[in-house]
Protein chains: 4
Amino acid sequence: MAEKRQLTRRGRQRRDKLLAYATTRFAENGYHPTSVSDIVDGVGVGKGVFYWYFDSKDQLLEEILRDALRDLRTTQAAAIADATDPLQRLEAGIRASIRWSAANTDIIRLVNFGWSEESFADVLRRGRDIVVTDTAHLIEQAVDLGQIMEGDPVMMASAIRAVIDQLGQEYALGNGDVDPEMVETAVRMCLRGLRG
Amino acid sequence: MAEKRQLTRRGRQRRDKLLAYATTRFAENGYHPTSVSDIVDGVGVGKGVFYWYFDSKDQLLEEILRDALRDLRTTQAAAIADATDPLQRLEAGIRASIRWSAANTDIIRLVNFGWSEESFADVLRRGRDIVVTDTAHLIEQAVDLGQIMEGDPVMMASAIRAVIDQLGQEYALGNGDVDPEMVETAVRMCLRGLRG
Amino acid sequence: MAEKRQLTRRGRQRRDKLLAYATTRFAENGYHPTSVSDIVDGVGVGKGVFYWYFDSKDQLLEEILRDALRDLRTTQAAAIADATDPLQRLEAGIRASIRWSAANTDIIRLVNFGWSEESFADVLRRGRDIVVTDTAHLIEQAVDLGQIMEGDPVMMASAIRAVIDQLGQEYALGNGDVDPEMVETAVRMCLRGLRG
Amino acid sequence: MAEKRQLTRRGRQRRDKLLAYATTRFAENGYHPTSVSDIVDGVGVGKGVFYWYFDSKDQLLEEILRDALRDLRTTQAAAIADATDPLQRLEAGIRASIRWSAANTDIIRLVNFGWSEESFADVLRRGRDIVVTDTAHLIEQAVDLGQIMEGDPVMMASAIRAVIDQLGQEYALGNGDVDPEMVETAVRMCLRGLRG
DNA sequence: AATGAATGAGACTTCATTCAT
DNA sequence: TATGAATGAAGTCTCATTCAT
């Protein structure tokens with residue numbers, strides 16, 4: 001219901017505010033320790049507002065996760081559009097992902113949490129499979145061209161994603177900036193490792 | 001209180017049983033969704049027993065995490081004891097870690113969860129710093145010998161750990177076995193990436 | 001406020017639509033489980049409209065009940081107008097009541113519910129006392145004429161009403177029709193029982 | 001769960017106390033207006049106690065209704081056991097039912113309410129069918145013996161039950177006593193009406 | 001030692017009602 | 001007039017923890 005409600009501009013703003021505040025609090029405090037009351041108090045609205053815009057607390061987190069993974073994928077797609085060489089596309093994707101990761105450390109934390117409960121893990125599996133599959137395709141192409149060594153492309157893609165998330169989150173400088181050395185380290189770890 | 005109690009042999013068995021069952025349930029179901037009642041019902045004891053052996057549910061998880069990280073460190077130390085060459089010690093450590101990871105997927109899930117709440121993250125930070133520092137030391141030695149390229153050793157160690165956890169968990173075959181190809185992929189991704 | 005508002009023709013139609021829809025839903029679903037939102041959504045108007053026409057959800061039910069009892073009394077009065085003999089008037093009243101009961105099973109259900117909460121029971125007491133008193137008067141007259149045996153007329157009237165409501169509701173055939181055999185059974189149960 | 005818990009004597013007493021208090025409050029105040037808090041506060045226990053003994057507020061009412069109908073049936077069965085003549089058994093049953101009705105006005109109110117919501121009506125249908133069927137059997141036998149006039153026995157049984165409930169509730173004198181004149185009126189209304 | 005009944009704060013959620021637009 | 005966003009009190013229910021037995 002709340003899902004399909006037609007929102008006015010002000011409505012959409014409120015919803016976004018709740019979404020943003022909840023994301024921050026969930027990441028800071030943990031999902032369960034953060035109550036719906038905390039959220040609405042923080043935004044300064046009544047408790048009913050929350051349920052006007054969202055079906056439930058669970059559904060809110062699912063939406064945060066789904067949106068985030070969709071956003072990541074869009075970002076990656078845009079980043080690799082310019083290059084044509086698979087290896088260059090791979091590198092561009094990695095760089096974009098790290099930046100995204102550093103700019104969304106809250107989300108990374110939430111994703112980490114999400115894997116710990118089956119209902120959220122379902123959402124994540126769907127979303128992550130897409131992202132990993134995209135990368136795996138590039139790897140396959142690079143393998144076909146002899147650019148990188150053979151091996152299970154999905155496994156490699158998975159490892160790459162792990163490095164990106166970990167470093168992106170751990171070495172974010174705040175306000176979305178990234179330590180450039182970290183980006184180079186990540187790229188190097190991934191690509192030199194892949195090269196034949 | 002419960003921490004220092006002197007336990008009989010039967011007492012220690014009970015405690016271990018609770019610990020093991022809780023680990024499994026937390027990993028399957030999530031920490032918060034698993035109630036203390038679930039745990040004691042599953043083990044077939046009364047609720048008082050739980051609070052006889054543990055101060056609180058939180059403290060139980062902290063103990064699980066602490067024990068696990070200590071166990072991992074011990075395992076790694078044993079694995080690298082035989083070799084003397086830093087790079088060989090690194091490789092041995094990676095292989096041992098992956099096996100450990102695959103044999104303890106439950107724990108990896110719990111660790112993932114633990115990072116999402118500050119009180120548990122504290123415990124993890126302490127434990128993981130040790131593990132990562134161990135690896136970083138090896139990397140430094142290898143760098144000094146010119147075996148691998150220069151760079152922030154802690155950052156590299158962090159990336160390695162990410163790959164290990166991810167692949168170890170994702171490609172565990174059940175009952176602690178590991179896909180050998182996966183181990184090779186992980187080692188290769190880590191080491192070739194590091195080599196000059 | 002809403003009580004005395006002067007309504008346009010369209011206004012009255014809307015109000016009646018709300019009244020009718022609410023009656024049906026309350027009867028089907030129960031009063032409390034049916035929310036004001038259910039009602040306005042079902043009629044296809046905004047929530048403000050509801051509070052334009054009714055002071056509250058409670059007041060709406062009170063009005064439904066009051067209207068219904070008034071309608072029943074009017075129906076009965078019309079039905080017994082033709083006859084002059086008390087016993088014949090009684091019988092005519094019973095027949096009319098049963099038909100009304102069968103045509104208003106929704107209302108009977110709501111009346112049943114109404115007795116379970118004091119504020120509605122107040123309304124019902126007032127309305128039902130009138131109906132029962134009317135019947136009791138007829139009984140008194142019949143007793144005076146020796147047509148039926150002596151006894152507390154109010155009590156007898158009360159029993160008659162119980163039979164009518166029960167059979168009327170239970171053996172309604174839908175769309176207001178009544179099983180003729182049921183009417184005869186009811187009349188017989190009431191009158192033969194009364195006769196000296 | 002709560003359903004099957006093995007209760008100590010003290011446990012059963014507590015449960016019964018809650019059951020009794022809830023019945024009274026539901027009857028006085030209405031089911032929905034009476035909150036679980038009202039009940040536990042009234043009995044002077046914590047809120048968790050309620051959910052230790054009952055699965056939900058709904059389930060509690062269902063149990064009240066089921067127990068009551070079972071009790072009524074038992075009472076009726078005991079009352080008619082002595083007589084052998086169908087008509088005498090019928091009369092004995094009516095007298096017993098009225099006494100029961102007068103002694104359980106709270107229940108009658110709750111039953112009335114129960115019919116207004118489908119989930120409770122289900123329970124009632126099952127319970128009442130049994131009671132009505134018992135009576136209908138006696139009627140059939142009496143018809144076979146030519147003691148009362150022909151007609152749908154279930155319908156007649158239904159009408160009898162309506163009279164009993166109505167008069168029993170309305171003319172209860174408190175503390176379970178009954179106006180004897182009322183009992184006679186009820187018996188007379190029912191039996192003289194049935195006689196051929 | 002052990003049990004499991006009891007506690008009560010607090011979680012999520014609903015909904016009658018109000019009011020800005 | 002009409003809408004539907006907003007309010008917030010109140011409802012049902014859970015669960016970590018305590019404690020009498």
Side-chain angles (χ1 to χ4, degrees), chain A residues 2 5-8 10-11 14-15 32-41 44-60, chain B residues 5 7-8 10-11 14 32-41 44-60, chain C residues 5 7-8 10-11 14 32-41 44-60, chain D residues 2 5-8 10-12 14-15 32-41 43-60:
Chain A
R5 220 188 289 287
Q6 186 59 39
L7 297 176
T8 64
R10 182 150 156 281
R14 254 218 177 164
R15 194 173 192 280
H32 288 288
T34 301
S35 70
V36 172
S37 288
D38 289 339
I39 296 169
V40 296
D41 288 352
V45 297
K47 206 177 294 189
V49 171
F50 184 93
Y51 290 92
W52 179 257
Y53 290 113
F54 306 101
D55 287 333
S56 69
K57 194 187 165 191
D58 275 18
Q59 185 257 325
L60 165 61
Chain B
R5 214 188 297 286
L7 298 175
T8 64
R10 180 148 159 282
R14 270 214 168 162
H32 288 289
T34 301
S35 69
V36 172
S37 288
D38 288 339
I39 296 169
V40 296
D41 288 353
V45 296
K47 216 176 286 192
V49 171
F50 184 94
Y51 287 92
W52 178 258
Y53 292 117
F54 305 101
D55 286 334
S56 69
K57 192 186 166 193
D58 275 19
Q59 186 255 324
L60 163 63
Chain C
R5 215 189 294 288
L7 298 174
T8 64
R10 181 148 159 280
R14 268 211 169 165
H32 288 288
T34 301
S35 69
V36 173
S37 288
D38 288 339
I39 297 169
V40 296
D41 288 353
V45 297
K47 217 176 285 192
V49 170
F50 183 92
Y51 286 92
W52 179 257
Y53 291 117
F54 305 101
D55 286 334
S56 69
K57 193 187 166 192
D58 275 17
Q59 185 255 324
L60 163 62
Chain D
R5 219 188 290 287
Q6 186 59 37
L7 297 176
T8 64
R10 185 150 154 281
R12 173 148 288 286
R14 262 226 167 156
R15 194 173 191 279
H32 288 290
T34 301
S35 69
V36 172
S37 288
D38 289 340
I39 296 169
V40 295
D41 288 353
V43 173
V45 297
K47 208 178 292 188
V49 172
F50 184 93
Y51 289 94
W52 180 258
Y53 290 113
F54 306 101
D55 287 334
S56 68
K57 194 187 164 191
D58 275 17
Q59 185 255 325
L60 164 62

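Chain identifiers are assigned alphabetically (A, B, ...) following the order of the sequence lines, protein sequences preceding nucleic acid strands; residue numbering begins at 1 within each chain.
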Let me know the distance between [atom1] of [X] and [atom2] of [N], rounded to the nearest Å.
{"X": "Gln59(D)", "N": "dC13(F)", "atom1": "CD", "atom2": "C1'", "result": "13 Å"}
{"X": "Tyr53(C)", "N": "dT17(E)", "atom1": "OH", "atom2": "P", "result": "18 Å"}
{"X": "Trp52(B)", "N": "dT18(F)", "atom1": "CH2", "atom2": "C1'", "result": "14 Å"}
{"X": "Phe54(D)", "N": "dT14(F)", "atom1": "CZ", "atom2": "P", "result": "15 Å"}
{"X": "Leu7(A)", "N": "dT21(E)", "atom1": "CG", "atom2": "C1'", "result": "16 Å"}
{"X": "Ile39(C)", "N": "dG4(F)", "atom1": "CD1", "atom2": "P", "result": "17 Å"}

For a quick check of understanding: with a heavy-atom distance under 4.0 Å over all strands, which category does Val40(B) fall into, base, sugar-phosphate or nothing?
nothing

For [X], enumerate each residue passing the side-chain hydrogen bond (donor to acceptor under 3.5 Å, both in side chains) test, keeping only those at least two apart in sequence or located in another chain.
{"X": "Asp41(B)", "result": "none"}
{"X": "Ser56(A)", "result": "none"}
{"X": "Ser37(B)", "result": "Lys47(B)"}

Distance check: side-chain N/O of Arg15(A) vs OP1/OP2 of dA6(F), anything under 4.0 Å?
no

Residue-phosphate contact under 4.0 Å: Arg14(C) side-chain N/O, dA2(F) OP1/OP2
yes

Reading 5' to 3' through nucleotides 10-16 of chain E, protein heavy-atom contacts under 4.0 Å coded B for base, S for sugar-phosphate only, - for none:
BSSBBBS

Could you grab the distance from atom [atom1] of [X] to atom [atom2] of [Y], nearest 0.5 Å is fine?
{"X": "Lys57(C)", "Y": "Thr34(C)", "atom1": "NZ", "atom2": "OG1", "result": "6.5 Å"}
{"X": "Gln59(C)", "Y": "Tyr51(C)", "atom1": "CD", "atom2": "OH", "result": "10.5 Å"}
{"X": "Leu60(C)", "Y": "Asp55(C)", "atom1": "CG", "atom2": "CG", "result": "10.5 Å"}

Starting at the 5' end of DNA chain E and moving along, which residue's nearest nucleotide shows up first, Val49(D) or Gly44(B)?
Gly44(B)

Beyond-backbone contact of Val43(D) with Phe50(D), side-chain heavy atoms, under 4.5 angstrom
no

Show your working on side chain to side chain contact (heavy atoms under 4.5 Å, CB included) between Arg15(D) and Phe54(D) and close with a plain yes or no.
CA-CA 8 Å; Arg15(D) 194 173 191 279; Phe54(D) 306 101; 3.7 Å; yes

Mind checking the P distance from dT21(F) to dA1(E)? Whole angstroms is fine.
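Result for the P pair: 22 Å, nearest Å.
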
Working for side chain to side chain contact (heavy atoms under 4.5 Å, CB included), residues Val49(D) and Val40(D)
CA-CA 8 Å; Val49(D) 172; Val40(D) 295; 5.6 Å; no

Pair pattern of DNA chain F in dot-bracket, where unpaired bases get dots and | marks partners in another strand, Watson-Crick or G-U under 3.5 angstrom
.||||||||||||||||||||

